[in-house]
> 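Supplied in structure tokens, the structure appears directly below.
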Amino acid sequence: MNKPIYVTQPYLPPLEEFIPYLEKIWGNKVLTNGGPFHQQLEKALCDYLGVEHIALFTNGTIALVTALQTLRVTGEVITTPYSFVATSHSLLWNGIKPVFVDIDPNTLNIDPAKIEAAITPQTTAIMPVHCYGHPCDVEAIKKIADNYNLKVIYDAAHAFGVQDTQGSILRHGDLSVLSFHATKVFNTFEGGAIICPDAKTKQRIDHLKNFGFVDELTVVAPGINGKMSEFNAALGMLQLKYIDQALMCRKEIDESYRKLLKGVKGVRCVQEAGQAVANYSYFPILIDVDYPISRDALYQKLKDQGVFARRYFYPLITDFPMYRGMSSAHRDNLPMATDAAFKVLCLPIYPELLQSELNYIVDLIREG
Ligand code: T4K
């Protein structure tokens with residue numbers, strides 16, 4: 001292959017279609033602070049995602065940090081080590097101690113059966129991740145949270161558009177947080193959002209993302225600047241027009257990988273976790289010991305041939321220096337997450353990936 005094949009490539013609508021949006025911004029000179037595109041995108045995303053309230057953010061990480069502030073979470077929060085480091089960093093930014101529990105080896109999401117044993121008098125919340133857009137066991141998590149009076153904040157960075165049989169996966173928990181980063185299914189270059197259940201909570205989030213301002217003279221909390229700009233919101237409006245098409249392409253790629261990789265010894269495709277509507281945001285495979293070469297050797301081989309697969313999520317969050325001294329970070333406490341981190345490889349998946357490129361990738365994997 002002549003051109004490199006990355007793990008993902010952002011979808012961009014035709015440039016000329018963005019010009020009218022820019023002309024509007026240039027015309028009214030409202031660049032940020034909840035302007036018309038910001039308002040339009042909040043409304044459009046509520047409609048598209050089937051949720052009641054959404055607050056847009058400059059990125060998913062600031063949205064996570066603000067979600068914890070919104071619910072005044074303190075003390076200890078139970079979370080997963082098998083995620084992007086922003087999940088637990090958002091806890092440290094709030095002076096909260098992450099307590100890591102292991103994952104379910106099938107879904108690679110936090111294992112609800114392990115949560116109860118990690119609860120202490122300091123525990124105030126659970127922060128699970130819908131990893132790769134595969135829904136967590138939301139019912140089991142809710143039961144534990146209700147029993148122990150804990151808040152639940154879902155890191156739903158990967159879960160744009162995912163639905164269970166009753167509707168959006170984002171309606172679960174007290175809050176859900178999305179990322180609209182360039183590498184995500186739906187992107188606004190940089191961006192993110194908090195989904196919340198009621199108007200009062202949305203108002204608190206809106207204050208917190210705007211320095212805590214309620215009006216010109218009143219500041220009610222030590223808020224941050226987390227506002228999405230008009231440029232990003234306008235781009236979001238345009239991207240929404242193409243999202244169904246993009247999801248359809250991803251579905252076809254997912255199906256093609258599953259078909260072609262079937263029967264390749266030592267290669268396991270991660271199962272879908274029973275979602276009614278999936279978003280195919282990642283295509284993780286697990287490289288078992290009976291594959292002819294190691295996961296890292298395969299990663300390097302693909303790279304040498306211009307295929308930039310990624311080992312999401314290796315190293316585990318708990319292997320980074322700011323976490324590894326914590327007792328819950330010990331590998332003995334996290335055997336399933338450790339195993340997955342050493343086996344996983346996320347293959348390229350994005351709307352414009354060609355079938356010929358996919359065949360090329362699969363052929364390289366088949367060769368071993
Ligand atoms: N929670 C979870 C569970 C998350 O996965 C993330 C982000 C967050 C929270 C935080 O949300 P944000 O604050 O980011 O909104 C990427 C992303 O930077 C990050 O957003 C994402 N998760 C994470 C899983 O992946 P990198 O360092 O692997 O990205 P990078 O720059 O190596 O990009 C991967 C490939 O994508 C490149 O090889 C080429 C392609 N690419 C990337 C960019 C940025 C492009 O073609 N164009 C681009 O502009 O972290």
Side-chain angles (χ1 to χ4, degrees), residues 3-12 55-68 77 79-94 98 100 103 107-110 127-136 153-160 162 169-170 173 175-195 209 224-229 232 235-236 239 246 250 279 281-284 299 302-303 306-317 320 337 340-341 344-353 357 361:
K3 72 174 171 60
I5 307 173
Y6 295 110
V7 68
T8 188
Q9 193 93 100
Y11 178 74
L12 288 174
L56 299 176
F57 273 79
T58 185
N59 61 56
T61 305
I62 295 291
L64 280 172
V65 170
T66 308
L68 291 157
V77 170
T79 190
T80 169
Y82 192 81
S83 181
F84 189 60
V85 74
T87 308
S88 49
H89 277 2
S90 73
L91 299 172
L92 294 194
W93 272 81
N94 278 291
F100 298 100
I103 58 170
T107 63
L108 308 183
N109 286 325
I110 196 165
M127 184 180 272
V129 178
H130 300 300
C131 193
Y132 308 129
H134 298 172
C136 291
I153 298 175
Y154 279 104
D155 181 338
H158 303 172
F160 185 92
V162 175
I169 196 74
L170 304 171
L175 299 173
S176 286
V177 175
L178 287 168
S179 165
F180 304 150
H181 182 259
T183 55
K184 297 295 187 287
V185 163
F186 171 80
N187 87 78
T188 56
F189 284 15
E190 289 273 5
I194 303 180
I195 285 80
K209 78 176 192 190
I224 201 158
N225 182 356
K227 293 165 275 117
M228 178 182 276
S229 83
N232 302 91
L235 192 63
Q239 296 277 35
R250 286 177 174 275
N279 70 1
S281 49
Y282 294 83
F283 195 84
Y299 163 80
L302 291 172
K303 200 170 174 180
V307 177
F308 296 85
R310 292 294 289 267
R311 290 162 288 187
Y312 297 132
F313 289 100
Y314 165 84
L316 289 179
I317 291 176
F320 293 120
V344 73
L345 197 58
C346 285
L347 300 182
I349 183 165
Y350 50 92
E352 287 162 322
L353 184 73
E357 292 171 323
I361 296 165

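As the structure lists them, so they are numbered: ligands from 1, and atoms in each ligand from 1.
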> Is there a polar contact, in the sense of an N or O pair closer than 3.5 Å, between Leu64 and ligand 1?
no

> Does any N/O atom on Asp155 come nearer than 3.5 Å to any N/O atom on ligand 1?
yes

> Any N or O on Thr61 sitting closer than 3.5 Å to an N or O of ligand 1?
yes

> Do any heavy atoms of Ala63 fall under 4.0 Å from ligand 1?
no

> Just to be sure I'm reading this right: ignoring hydrogens, which of Pro4, Pro10, Ser88, Pro348 gets closest to atom 47 (N) of ligand 1? Compare them by their nearest heavy atoms.
Pro10

> Applying a heavy-atom cut-off of 4.0 Å, say which part of His158 lies close to ligand 1: side chain, backbone, both or neither.
side chain

> Looking at Gly191, which atoms of ligand 1 are within less than 4.0 Å of one of its heavy atoms?
15 (O)

> Could you find the nearest protein heavy atom to atom 35 (C) of ligand 1 and give me its residue, atom name and distance?
Val7 CG1, 3.9 Å

> If you measure only the distance, is there a donor-acceptor pair under 3.5 Å linking the side chains of Thr183 and His181?
yes

> Parallel, tilted or perpendicular: which fits the ring planes of Phe186 and Phe180, with parallel below 30° and perpendicular above 60°?
perpendicular

> So which heavy atom in the protein is nearest atom 38 (O) of ligand 1, and how far is it from that ligand atom?
Tyr6 CD2, 3.4 Å

> Does the plane of the ring in Tyr82 sit parallel, tilted or perpendicular to the ring in Tyr132? Use 30° and 60° as the thresholds.
perpendicular

> In ligand 1, which numbered atoms sit nearer than 4.0 Å to a non-hydrogen atom of Asn59?
13 (O), 15 (O)

> Give the residue and atom name of whichever protein heavy atom lies nearest to atom 40 (C) of ligand 1, and the separation in Å to one decimal.
Thr8 O, 3.2 Å

> Does NZ or CZ of Lys303 fall inside the cone over Phe308's six-membered ring, less than 6.0 Å from its centre and within 45° of the axis?
no

> Any N/O of Ser83 closer than 3.5 Å to an N/O of ligand 1?
no

> Taking heavy atoms and a distance under 4.0 Å, where does Tyr312 meet ligand 1: side chain, backbone, both or neither?
side chain

> Under 4.0 Å from a heavy atom of Tyr282: which atoms of ligand 1 are those, numbered in the order shown and with their elements?
24 (C)

> Would you confirm whether any non-hydrogen atom of the protein falls under 4.0 Å from atom 28 (O) of ligand 1?
yes

